[in-house]
Structure formats: structure tokens, C-alpha cells
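For reference, the structure is listed below as C-alpha cells.
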Amino acid sequence: MSATGQTSQPFRSPIGTRDVLPPESARWDALVATFSDLVSRWGFSRLLTPVFEHLEVVHRAGESSDVVTKEVYRFADRSGRELALRPEGTAPVVRSFVEHRPPTPWKVWYFAPNFRYERPQKGRYRQHHQLGVEALGTTDPWLDVEIIAMAWDFYQAVGLGGVELRLNSLGDPEDRAAYREALLAYVAPHLGDLSEESQRRVDINPLRLFDAKAPNDREIMQGAPTLNDFLGGDARAHFDAVRSGLDQLGVPYTLDDRLVRGLDYYMRTTFEFAATSLDAAQNAVGGGGRYDGLAASMGGPDEPGIGFGIGVERLLLALGSALDARLRTDVFVIDLRRDVDPTAAPSVLTVSAELRRDGLSVEHTYDRRSVKAQWKAADRHDARFAVLFGEREVAAGTVQVKDLDSGEQAEVALQDVASLVRQAAGDDSAPPLD
RNA sequence: GUGGCUGUAGCUCAGUUUGGUUAGAGCGCCAGGUUGUGGCCCUGGAGGUCGGGGGUUCAAGUCCCCUCAGUCACCCCA
């Protein structure tokens, strides 16, 4: 069997991947532009890292996490090096940090694809994209506050109505270890009563027991000790400061001491954003947390860090029609003449080129279409204006400029078109998200 | 990785239950409705390996098996 399964069939994108065609791609552009603009104002600069890394880098995301143990796209290159497609955004950024040792605090953002080998479904793909930030070099809780508030502002800026921020602290590693012991001690007498799934979790990551769906499991976990009671003094003070900062900035949140998150490197602050417009199954539109030991575990300086990632596909899904990015052409050029000498100016070729040099987005038909076909094309392109000319205009050295919204039309010299269009278009030429 | 549902034109879908002449609709696309003005309307046209392969049958879009893909749920996550 061939790679596509059927050799006689047209090719299609690999399972779990998809193309983003216009006009939908305009929604992506709008999201990325808004994000870039916003995080720049908070002092973040863009970082680009490779889509593949050494396998060991990717493993730093956690030996107990599904993302690493069963979903990594790994391969050996021609020289036998073990490489992997990035399954998440944080490890590569931290790798870049320990490799280049930039001055701290180092605040960067990224827009990049992640790859996970899992069964696709609505809002879940094998290649998905994340907008995210990472900041390394300080444990100051105000950084946590700013990171979270920034994500919050972003959701507001793109118009996501119902978004819920859930917040938790996992404490310091020793807190978590103590809690883990307590949890295991609590669960031990109930072991046999737990579901098969939960029994597996006991060995892998006991904190995940709280995610169990089985009613009996939930009942057992009701009486379990909570992580919150095990926070040490430092972690508690840090968490209190984060909450206070969020209160000061007016960012609403709910505490959720069962919020564990899927990656092993998190400690202290963790958070997740859920969209109320999505069903419970895939409603997480972003999340992140603090990972103070990660840089050191990669052989770098023991610098703390915190960041978040926002799933683009899922956010777009949650936004639905709330984000309406329209692809609008400024001007559509129409030639009214029946017979056109292709070697003589003016023509749609020369007129369009000139208007484009004047800064307008300009389209026209190809293949010498009829006047009617040219008009249909203008409508299809959602053009704001039509610039048309026939024998009379060519003789007079002018063109007709028609406002396609109002129907008004004026005859002007070609060099005056751009200023006329800009004046007439006025305020409604503003970018889609402002 | 496990289970359910679905696969007919570029798109959305009828037709499959009770196998039977050249497989339909809407939208989209192209052309025309007289020679220089759009969005509406009318007429015509192009476009289909009925996901793919195999089988049963005189006959398969329709029944059976396999396979690929999509989708939903579980798991997990963005």
C-alpha cells in the first residue's frame, strides 16, 4: 500500500493536518497581528526556533506526560541522530535560552506549529499552532501576574466572550513530593476500589486521580487531602502575591486546586483558560505555568521561568463568527473596450500596476473576460471601488471611479484615483480588529 | 490506542430501507438575455472513478467483506 493508501486518488494532506485557505487564513492573520501588537506592548520580542529538536530536549517536557511518552513524532535523520518534532512550545524556548544565555529577564513570544501523534477530532489536530510567550530570569510574582493578565487581555482583544481563568499553585518540588506521599497514603486503602484507569494513574501521576470521571473514583477522591494544605511558606507567599496582583489588575479567576496540567515541569503557579462556548471535551483555549527547574535540567543556569501557550485552532473555533476578518480589495479595474490591443497602454495591466504603486490593493480579471464577467469578479472580490475605462476615457486620459457601496461615480485623471479612494473610503478602511 | 457514526458534482445534500433503463437538486462556476456599468431575475452549459479494492448477482450508488478517510466520544491536551 502506498503512503496515501490509494495511488489512483488525488493526494490529500496527512491525517490530522489541514490547509487553511483564504478567506479563513485572514482570521489567522488577524489573530497573530493582534497578539504580536499586544505582547510587544508588554515588552516581549519574537523568538523563532526550529520545528524539530534533539529528542532529549523534547523529553524535558516530562517522562510521565502522555505528550512525551506516546505522542511524540520522533525520527532518526540520515546520520542516525534522534530528533523529534516539537510537541509543545516551552522546552525549545528554554533550550534556546540555555544555549545562548541572553540577559535576563528574557521575554519572548512565538507563533509556531506543534506536533502530537494522537487521534484527531474536533479542535484537536496532529499539527496545531500555538501563540505563546515565555519569560526567564525572575521569580517575581508580578511577572506571573503580567503573564496571566496579558493572556487575559488578548482574549478580550480578539473578542472571546466567555473565557474562564482557572488558577492553582503546585507548590515547590518538596511540597509536591510531600503531598504526593500524603495522597498515596490516603489512596492506599482504597486501591482495589479504584477504576483500572485510576489505578494506572497512581503509579504515573497520582495528582491526576482528581481528573477521574468514574463516579466511584470521584467519591473516593472527595476526602483526599488537597495540595493547597501542603504549600510551603515561600510557595504560599508567592501564590498570595500572584492573586493579589490579579485582583489589582481586575483579572477575574477561580481557584482550582485540582488543576494539574499535563506537563511535568510545572511548579508553583499554573493556570488554564477555558472557553464557555466550547463543549467540555476540548474547551481549553490556553494554559501555562511556572517551570523554575527546567533550565537547570537542560544543563543551563538555574534560572526560573514562566509562560503560556494559546491554541490557535481552538481559539478560532471558540470565536466562531465573533472574529470576522474580511478580505476586501480596494479597487477592481475593468476594461470596457471590446477589442484591446495588448501592446498598447493604458490597459488593466498598466492601470492596475500604477494604482498598486500608489498603495492600493488592486485586482482585475485575466483571460480577456466580458464586461459582465469583469463586474461579477469585482463583486466576488468584495471590491470597494471599481476603476473603469473605455474608448472615451482612454482618449480623454481619464478613468471612471465608481464607489461600489454607494453607486456614485466620478471621472478623474488616473493619478488622482488613489487620493480619491482613500478619502472616500475614509474610516471604514480601518484594520479589522480595532 | 479503544468504540460509535458517516463517505454520491468544487460545496451542502437527496437517492441506499423493499438491488433494475442514460445518478439528481440547491449553491458555486462558465456563456447568453445585442454591442460601455455590478449585486436581482431568466435561459443554456460544463462538471460525478457514487472514497478505494474485492465479492454475491442476469443486474450493485443500493447487499457482504476488506481498506482508506472524515467525524464524535474515551484517553489526553491547545
Side-chain angles (χ1 to χ4, degrees), chain A residues 1-18 21 61 64-71 87-90 112-132 151 195-198 200-201 204-205 208 211-214 260-263 272-275 278-288 308-318 332 334-339 365 367 369-383 385-394 400-405 407-409:
Chain A
M1 196 70 68
S2 72
T4 55
Q6 279 96 46
T7 48
S8 60
Q9 294 253 301
F11 292 130
R12 51 171 87 194
S13 76
I15 179 171
T17 67
R18 57 184 210 128
L21 278 56
S64 87
S65 70
D66 280 9
V67 169
V68 166
T69 53
K70 41 190 229 196
E71 297 175 2
E88 52 89 46
T90 300
N114 290 336
F115 305 86
R116 295 178 193 174
Y117 190 88
E118 54 186 343
R119 196 80 173 268
Q121 65 186 73
K122 194 179 189 69
R124 193 172 80 179
Y125 303 93
R126 290 191 170 178
Q127 174 175 345
H128 79 275
H129 298 76
Q130 287 189 18
L131 284 160
S195 66
E196 205 174 308
E197 180 60 35
S198 287
R200 238 190 53 221
R201 283 176 166 150
I204 301 170
N205 188 351
R208 286 217 157 268
D211 293 338
K213 297 256 160 65
V260 174
R261 299 199 47 75
L263 303 168
E272 199 168 280
F273 294 92
L278 297 179
D279 292 336
Q282 256 79 232
N283 69 353
V285 291
F308 67 70
I310 290 171
V312 173
E313 285 86 351
R314 215 166 274 177
L315 176 56
L316 250 9
L317 195 64
F332 203 94
I334 295 173
D335 190 338
L336 301 167
R337 296 170 300 177
R338 289 184 80 71
D339 295 303
T365 61
D367 303 311
R369 309 296 294 279
S370 68
V371 171
K372 179 174 185 167
Q374 293 183 69
W375 276 113
K376 288 196 72 169
D379 288 325
R380 209 173 40 239
H381 279 84
D382 200 17
F385 293 89
V387 162
L388 37 151
F389 56 89
E391 304 292 358
R392 289 202 297 276
E393 288 76 17
V394 169
Q400 301 285 345
V401 180
K402 182 168 188 175
D403 183 325
L404 293 182
D405 288 352
E408 287 173 45
Q409 184 169 319

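Chain identifiers are assigned alphabetically (A, B, ...) following the order of the sequence lines, protein sequences preceding nucleic acid strands; residue numbering begins at 1 within each chain.
Remark: the A:D379 side chain and the B:rG38 base include a donor-acceptor N/O pair separated by less than 3.5 Å. Checked by distance alone, A:R116 brings a side-chain donor or acceptor within 3.5 Å of a matching partner on the base of B:rA78.
Going from atom CD of A:Q121 over to atom C1' of B:rA78 covers 12 Å, rounded to whole Å. The CD atom of A:E71 sits 13 Å away from the P atom of B:rC75 (whole-angstrom rounding). Rounded to whole Å, the distance from CD on A:E118 to P on B:rG1 is 12 Å. Residue A:R124 contributes atom CZ, which lies 11 Å from atom C1' of B:rC72 at whole-angstrom precision. To the nearest angstrom, C1' of B:rG39 lies 16 Å from NE2 of A:H381. Rounded to a whole Å, the CG atom of A:L21 is 13 Å from the C1' atom of B:rC11. Distance CZ (A:F308) to P (B:rA78): 13 Å, rounded to an integer number of Å. Residue A:D367 contributes atom CG, which lies 14 Å from atom C1' of B:rC29 at whole-angstrom precision.
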Short N/O separations, protein against nucleotides 46-48 of chain B, under 3.5 angstrom:
none

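Between B:rG7 and A:R12, no contact under 4.0 Å exists linking OP1 or OP2 to a side-chain N or O. Neither OP1 nor OP2 of B:rG3 sits under 4.0 Å from any side-chain N or O of A:R119.
The side chain to side chain donor-acceptor pair (under 3.5 Å) check on A:E71 picks up nothing, with sequence neighbours excluded. For the salt bridge (Lys or Arg N to Asp or Glu O under 4.0 Å) test, residues two or more places apart in sequence or in another chain that qualify with A:R124 are A:E118. Legend: residues meeting side-chain contact (heavy atoms from CB on, under 4.5 Å) with A:P113, ordered by chain and number and at least two apart, are A:V51, A:R86, A:F115, A:Q127, A:H129. Every residue meeting the side chain to side chain donor-acceptor pair (under 3.5 Å) condition with A:T17, not counting sequence neighbours, appears here in chain and number order: A:S13. A:R119 meets the salt bridge (Lys or Arg N to Asp or Glu O under 4.0 Å) test with no other residue; sequence neighbours excluded. In this view, A:L317 and A:K122, A:L278 satisfy the side-chain contact (heavy atoms from CB on, under 4.5 Å) rule, not counting sequence neighbours.
The residue among A:G309 and A:S13 whose nearest nucleotide of RNA chain B lies closer to the 5′ end is A:S13. In terms of position along RNA chain B, the nucleotide closest to A:G16 lies nearer the 5' end than the nucleotide closest to the other residue of the pair A:F273 and A:G16.
The separation of B:rU17 from B:rG61, taken at their C1' atoms, amounts to 14 Å, rounded to a whole angstrom. Distance check on atom P: B:rG55 versus B:rC72 gives 35 Å, rounded to whole Å. Comparing B:rC30 with B:rC40, their P atoms sit 13 Å apart, to the nearest whole Å. With P as the reference atom, B:rU16 and B:rG7 are 12 Å apart, rounded to whole Å. Taking the P atoms as reference points, B:rG24 lies 13 Å from B:rG45, given to the whole Å. Taking atom P in both B:rC11 and B:rG48, the straight-line distance is 13 Å, to the nearest Å. Taking atom C1' on both B:rU21 and B:rG28, the two are 31 Å apart, rounded to the nearest angstrom. Comparing the same atom, C1', in B:rU2 and in B:rA78 gives a spacing of 23 Å after rounding to whole Å.
The pairing partner recorded for B:rC11 is B:rG26, the criterion being a Watson-Crick or G-U wobble arrangement whose two distances lie under 3.5 angstrom. Partner assigned to B:rA73 is B:rU2, using Watson-Crick or G-U wobble distances below 3.5 angstrom. Within the shown strands, nothing qualifies as a pairing partner of B:rA46 under the Watson-Crick or G-U definition with both distances less than 3.5 Å.
Residue contacts shown for A:I15 are limited to sugar-phosphate atoms, with no base heavy atom under 4.0 Å away. Here A:R380 lies in heavy-atom contact (under 4.0 Å) with sugar-phosphate atoms only. When heavy atoms are screened at a 4.0 angstrom cut-off, A:Y125 is found touching base atoms of the nucleic acid.
For the pair A:R337/A:V394, a side-chain contact is recorded, criterion being any heavy-atom separation below 4.5 Å from C-beta on. For the pair A:H128/A:R314, no side-chain contact is recorded, criterion being any heavy-atom separation below 4.5 Å from C-beta on. Using a 4.5 Å heavy-atom threshold, the side chains of A:R116 and A:E88 count as touching.
Side chain of A:R208, nearest nucleotide from B:rA78, B:rC75, B:rC77: B:rC77.
Geometric assessment of A:R126 against the ring of A:Y117 yields a positive cation-pi assignment under the 6.0 Å and 45° thresholds.
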Where protein sits on nucleotides 31-37 of chain B, one letter per nucleotide: B base, S sugar-phosphate only, - none, heavy atoms under 4.0 Å | SBB-SBB
Below 3.5 Å, can you tabulate the donor-acceptor pairs from side chains in residues 372-380 of chain A to any protein atom, sequence neighbours excluded?
unit_1, atom_1, unit_2, atom_2, d
A:Q374, OE1, A:D335, N, 3.0
A:Q374, NE2, A:D335, O, 3.0
A:Q374, NE2, A:R369, O, 3.3

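Closest non-hydrogen pair, A:A275 versus A:A318, comes out as CB-CB, 3.7 Å.
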